[in-house]
Amino acid sequence: MHPEPPTPAPGPPGFLRGWLDALAVVLAGLVAMAAVAALGLWAAGADELPGGFPSVLAATLALAVGGTVSLDGGAGFFAQVDAGITAMPLSVGLVGALAMVEVFLRQLRFRAVAHGGELLGRVARTAAVWVVALALLTVGAKHTFAVPLGSDLAEQIGGLLGVNPEVGFHAEAATTIGLGLLWLLVVLAAAFAVSRRAPLPRSLVPFQQAVRPAAFAMLMVLLAYVAIGLVVGLITAAVHGNARETMAVLLLALPNLVWLAFGVGTGAEWHGHLMGAVGLPVPKPLAEVLRAPDGQEATVSLGTLAEQDGRAWWLLPLAAVLLLAAGVLAAYRAPRGVRPWQHAVRLAAAAAVTMLLVGVWTGVYAEYGLSVLGVGVGEGGLGDLLGSVLGGTNPLAGLGGGTLVLEPQLWVAVPLAAGWGLVTGFLGGLVAARLGRRGKVEPPAGP
């Protein structure tokens with residue numbers, strides 16, 4: 001009888017490796033997000049801001065994970081600023097999430113199952129390093145700009161009083177760290193819900209066959225919208241000759257637009273309004289809908305968009321086709337023996353959760369105001385800053401304030417998505433059964 005090999009005693013090497021793995025996950029996400037955000041901000045013209053590009057980059061990363069950026073400043077009684085931005089540049093966040101998930105799951109490769117304690121430990125270490133990174137982002141996301149007054153009278157008065165209006169911005173630490181941590185946990189939870197490469201504790205293995213096929217199918221729907229939007233954007237840049245402006249939108253806010261289109265195509269609505277000249281990374285029909293008269297609340301829906309551009313009606317069949325494809329894909333990846341009504345229920349749940357996340361992520365709140373003895377600011381300064389951080393291409397010129405609000409009607413959007421999931425999941429199950437190519441999820445190997 002051979003003696004069992006000694007078990008390595010826990011010590012610094014294993015402890016250190018765990019933290020290095022967590023650091024690798026966080027660095028992968030930050031590097032990916034910083035690269036995309038830097039290119040997008042450059043395309044939006046943020047490189048022309050005086051000495052503030054690194055700070056604007058940090059602020060953009062904070063926004064991408066759910067943080068809030070506040071604008072403040074002034075010159076005593078002479079000028080006052082009141083502003084804030086809550087809007088997620090989803091192109092930046094999506095690239096960061098994919099990079100972090102890839103590195104996190106690669107560290108768990110060659111495993112079919114994993115101990116719950118080990119997984120919790122990895123998540124906890126990654127979260128701890130992520131919190132430190134978010135705290136550093138809030139420190140870096142802070143800068144102050146001098147604001148041109150935009151009027152000879154205002155300039156003369158300011159010179160006589162010896163005041164120079166300034167506007168600064170900073171990332172809110174509590175919001176950025178708290179919601180940024182929640183963002184990470186949602187990303188990791190989605191990775192385990194979607195990917196077959198993610199090992200689960202034995203107690204959760206029986207549930208993977210009910211969750212992963214539908215969750216993966218809905219992820220493919222979201223990525224398909226991004227791919228379609230990317231192709232349309234590149235064609236637009238080539239045809240209309242506004243390559244730099246279009247690239248700013250693609251690199252900063254492409255999912256914001258295409259996932260909004262997904263929701264609208266299913267019949268969901270967003271409410272909001274637009275006042276002032278905020279640089280907006282949005283198509284003209286959407287901007288026109290949001291510019292309701294007298295600051296009234298506008299409804300962004302399939303009908304209101306179609307009134308501005310009849311091509312908006314194509315969003316309905318596009319959503320139908322992609323969701324039906326998701327139903328078929330989910331059925332292919334599910335085990336044999338799953339009935340069509342089960343596919344329907346599972347895809348309905350996955351579609352409802354997906355629409356909930358889309359609604360939360362595509363919400364926008366941006367409000368700013370800068371007055372100098374009743375005279376609006378001129379071109380540059382606050383307008384350029386706001387437009388750059390939002391990924392816009394039309395800087396504020398000659399206006400002292402503005403508001404952009406876009407809020408989803410989740411109580412309508414989520415049930416509608418569930419209904420679509422029921423129908424397309426059932427039809428997808430029937431189609432997969434007729435084709436006779438139903439997939440099978442292999443049971444996990446292990447002792």
Check whether any side-chain heavy atom of V300 lies under 4.5 Å from a side-chain heavy atom of L286, and answer yes or no.
yes

Looking at OG1 of T266 and CG of L322, how far apart are the two atoms once the value is rounded to the nearest 0.5 Å?
12.0 Å

Can you check whether R244 reaches W42 side chain to side chain, under 4.5 Å on heavy atoms?
yes

Pairwise distance OH(Y365) to CG(L406) - rounded to 0.5 angstrom:
14.0 Å

Backbone N or O of A135 within a donor-acceptor pair of the T138 side chain at under 3.5 Å?
yes

Are any of the side-chain nitrogens in K284 or E288 under 4.0 Å away from the carboxylate oxygens of its partner?
no

On a heavy-atom basis, which atom in V129 and which in A22 lie closest, and how many Å separate them?
CG2-CB, 4.0 Å

Where is the tightest heavy-atom contact between A331 and G429, given as atom of each residue plus distance?
CB-CA, 4.0 Å

If the plane angle is over 60° it's perpendicular, under 30° parallel, otherwise tilted; pick one for F192 and F104.
perpendicular

Counting C-beta onward and ignoring hydrogens, is there a side-chain heavy-atom pair between L90 and L254 closer than 4.5 Å?
no

M88 and T362, any side-chain heavy atoms less than 4.5 Å apart
no

Using 0.5 Å steps for rounding, measure from the OG1 atom of T354 to the CH2 atom of W259.
10.0 Å

State, yes or no, whether a side-chain contact exists between R212 and R333 at a heavy-atom distance under 4.5 Å.
no

Considering all heavy atoms of both residues, which atom of A191 and which atom of A198 are nearest to each other, and what is their separation?
O-CB, 4.1 Å

Please test H170 against V69 for side-chain contact (heavy atoms from CB on, under 4.5 Å), starting from the C-alpha separation and ending with a verdict.
CA-CA 6 Å; H170 66 275; V69 173; over 6 Å; no

Taking all non-hydrogen atoms of both residues into account, name the closest pair between L329 and M220 and its distance.
CD2-CG, 3.8 Å

May I ask you to decide whether R122 forms a salt bridge with D21, counting only side-chain N to carboxylate O separations under 4.0 Å?
yes

Residues T299 and E269: side-chain donor-acceptor under 3.5 angstrom:
no

Before you tell me yes or no, could you show the steps for L108 and E118 under side-chain contact (heavy atoms from CB on, under 4.5 Å), namely the whole-Å CA-CA distance, both residues' side-chain angles and the distance that decides it to 0.1 Å?
CA-CA 10 Å; L108 296 171; E118 178 191 0; 4.2 Å; yes

Of all heavy-atom pairs between V264 and S301, which one has the smallest distance, and what is that distance?
CG1-C, 3.7 Å

Apply side-chain contact (heavy atoms from CB on, under 4.5 Å) to the pair L316 and L302, showing each step before the final yes or no.
CA-CA 8 Å; L316 175 59; L302 195 58; 3.9 Å; yes

Evaluate the side-chain proximity of L234 to L250: yes if any heavy-atom separation is below 4.5 Å, no if none is.
yes

Sorted by chain and residue number, the ring-ring contact (aromatic ring centres under 6.0 Å, His included) partners of W183 (sequence neighbours excluded) come out as W130

Got H143 and V56 here, is their nearest side-chain heavy-atom distance under 4.5 Å?
no

Would you say that L305 contacts D309 through its side chain, given a criterion of any heavy-atom pair below 4.5 Å between the two side chains?
no

V221, I228, L222 screened by side-chain contact (heavy atoms from CB on, under 4.5 Å) with Y225, the one that passes:
V221

Rounding to 0.5 Å, atoms CG (L179) and CG (L184) come to a distance of 12.5 Å

Apply the test side-chain contact (heavy atoms from CB on, under 4.5 Å) to residues V92 and L252: give CA-CA distance (whole Å), side-chain angles for both, the deciding distance (0.1 Å), then the verdict.
CA-CA 6 Å; V92 179; L252 293 173; 3.9 Å; yes

Could you give the distance from CG (L422) to CG (L347), rounded to the nearest 0.5 Å?
8.5 Å

How close do L63 and A87 get, heavy atom to heavy atom, and via which atoms?
CB-O, 3.4 Å

Rounded at 0.5 Å granularity, tell me how far CG in L223 sits from CZ in F216.
8.5 Å

